[in-house]
Visitor: 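The following block contains the structure, expressed as structure tokens.
Lettering of chains follows the sequences in order, A, B, ..., and the numbering in each one begins at 1. Values in this document were obtained by computation on a predicted structure and should not be read as measured data.
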2 protein chains.
Amino acid sequence: MKSTASTSEKILDIAQSLIVAGGYNGFSYADISAAIGIRKASIHHHFPTKAELVSALVDRYRQQTEAGLKSLHERISDPAGQLQAYVNYWHSCIGDASMPFCVCAMLAGEMQMLPEEVASQVRAHFHGLAAWLASVLRSGAENGLFRLDKPPEEEAHMLMASVHGAMLSARAFGDPGLFILIVAPQIDRLRAR
Amino acid sequence: MKSTASTSEKILDIAQSLIVAGGYNGFSYADISAAIGIRKASIHHHFPTKAELVSALVDRYRQQTEAGLKSLHERISDPAGQLQAYVNYWHSCIGDASMPFCVCAMLAGEMQMLPEEVASQVRAHFHGLAAWLASVLRSGAENGLFRLDKPPEEEAHMLMASVHGAMLSARAFGDPGLFILIVAPQIDRLRAR
DNA sequence: TGTTGCCTACCTACTAGTAGGAAGTTAAGT
DNA sequence: ACTTAACTTCCTACTAGTAGGTAGGCAACA
């Protein structure tokens, strides 16, 4: 239930949606305060500094991502389906506007002016995602499901870039459908011919 | 010569590099003031509001882009070479850190909280770039140089997303070489087999 | 004489962050 | 059962600093 969410989780929820909309410098304690009906000082009680808040937020995001990918592996065994499920997840997030952009992709754009603690977590997310994609592509290639032109690590980077670029285009053009139009052919391309 | 650059051009130069580093909310008049040794109020003399400043900046960026692509067409006639030159341009910008990110890609991420005048120009840039890529791909396909799996417009969107995603990955991983590692195979893929 | 470019000085609104206290909760100690 | 102490959550009230923006003046120049 939503009503059982703790205050600190509510703070992270709204901060996350504000970051997705405008990045690290695009929100303030006052914005969060207004959104959940609590005073600024109370937010500082839960998260003393903005850097700590965002750091906790990215930490949670990374755990959620890890848990999501793990449960995905439990529900779907074939690598092609796993890739499809990953892409479908983002397709629906963008489609229903619940999270129209990856938190870490947003922050990666501002990398140079992020507090170091946040920057290193963003880097870690990118490494983790690239590793997951590479492992899925590798096992798919071993099964003969995928035909890779490059090593799995490079194909993973290419796919990740397509996904992030597709998010950006969908946002720039204001057209959620653009995401899947861009990403789907990139996945088809990997399937053994 | 750099020394003949007018003050307003210097303002746009530094503002552009600050936007590339941290987006619309990532810089202030005070930052520009400190960087070029002029008072804040003097910047307001040239650009009364921040929205006007960024709007002028994106306008200039779009003109520079248009001029660059035009001269590219004059120097290089074959579509494959044109595509290669476009990618090489960004490769060198990212490599020497002179402009490690596209201004409009940066702003597109913050689309939702941009002043409308800026947002529409960013959209226009994306439309223009997609159209240029589509026209290059189309003429390449007509020459038999490219073999496209999808209509040129869709292939253009895919390529543009790869380029922007590759910029983001290069920044996230702190590895300029990642850009070309991601983009080069996407171009090779288009070449007739 | 008016215009351009820059200045000093200032304004209001907002930024992250702090100090200190009120209210309620929990868990012993008696 | 009653008290006390520690802890949590949230509050009001405040700070120093920064945000974008304005008013008015001065000097160079057309």
Visitor: Quick one: does A/Glu110's side chain have a donor or acceptor within less than 3.5 Å of a partner on B/Gly23's backbone?
Guide: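 A pair under 3.5 Å: no.
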Visitor: For B/Arg138 and B/Glu153, run salt bridge (charged side-chain N to carboxylate O under 4.0 Å, His left out): C-alpha distance rounded to whole Å, both residues' side-chain angles, the deciding distance at 0.1 Å, then the answer.
Guide: CA-CA 8 Å; B/Arg138 190 180 302 110; B/Glu153 292 76 18; 2.6 Å; yes
Visitor: Is it true that A/Asp175 and B/Arg123 make a salt bridge, defined as a side-chain N closer than 4.0 Å to a carboxylate O?
Guide: no
Visitor: When the distance from NZ of B/Lys50 to C1' of D/dG20 is rounded to whole Å, what number comes out?
Guide: 8 Å
Visitor: At 4.0 Å (heavy atoms only), tell me whether A/Phe47 reaches a base, stays on the sugar-phosphate, or touches nothing.
Guide: nothing
Visitor: Just by protein heavy atoms under 4.0 Å, how would nucleotides 22-30 of chain D read 5' to 3' in B, S and -?
Guide: BB-------
Visitor: Just by distance, with hydrogens left out, do B/Trp132 and B/His73 show a side-chain donor and acceptor under 3.5 Å apart?
Guide: yes
Visitor: On the nucleotide D/dT9, are OP1 or OP2 found under 4.0 Å from the side-chain N or O atoms that A/Ser42 carries?
Guide: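 Negative; the distance criterion is not met.
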Visitor: Taking atom types as modelled, find out whether A/Thr49 and A/Glu52 have a side-chain donor-acceptor pair closer than 3.5 angstrom.
Guide: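 Yes.
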Visitor: Which pairs would a plain distance check flag for residues 141-152 of chain B, meaning a side-chain donor or acceptor within less than 3.5 Å of a matching protein atom at least two apart in sequence or in another chain?
Guide:
{"residue": "B/Arg147", "atom": "NH2", "partner": "B/Asp149", "partner atom": "OD1", "Å": "3.2"}

Visitor: What nucleotide, of D/dC10, D/dG21, D/dC11, holds the atom closest to the side chain of A/Thr7?
Guide: D/dC10
Visitor: Under 6.0 Å between ring centres: does that hold for A/Phe126 and A/His157?
Guide: no
Visitor: Can you find a side chain N or O atom of A/His45 that sits less than 4.0 Å from OP1 or OP2 on D/dC11?
Guide: no
Visitor: If you walk 5' to 3' along DNA chain C, what is the first nucleotide with an atom under 4.0 Å of a heavy atom in chain B, and what is the last?
Guide: C/dG5 to C/dA9
Visitor: Let me confirm one number: the CG-OG distance from B/Leu69 to B/Ser135, rounded to the nearest 0.5 Å.
Guide: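 Spacing of CG (B/Leu69) from OG (B/Ser135) equals 9.0 Å.
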Visitor: Describe the nucleic acid contact of A/Ser28 in one word from base, sugar-phosphate, nothing, applying a heavy-atom distance below 4.0 Å.
Guide: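 Result for A/Ser28 = sugar-phosphate.
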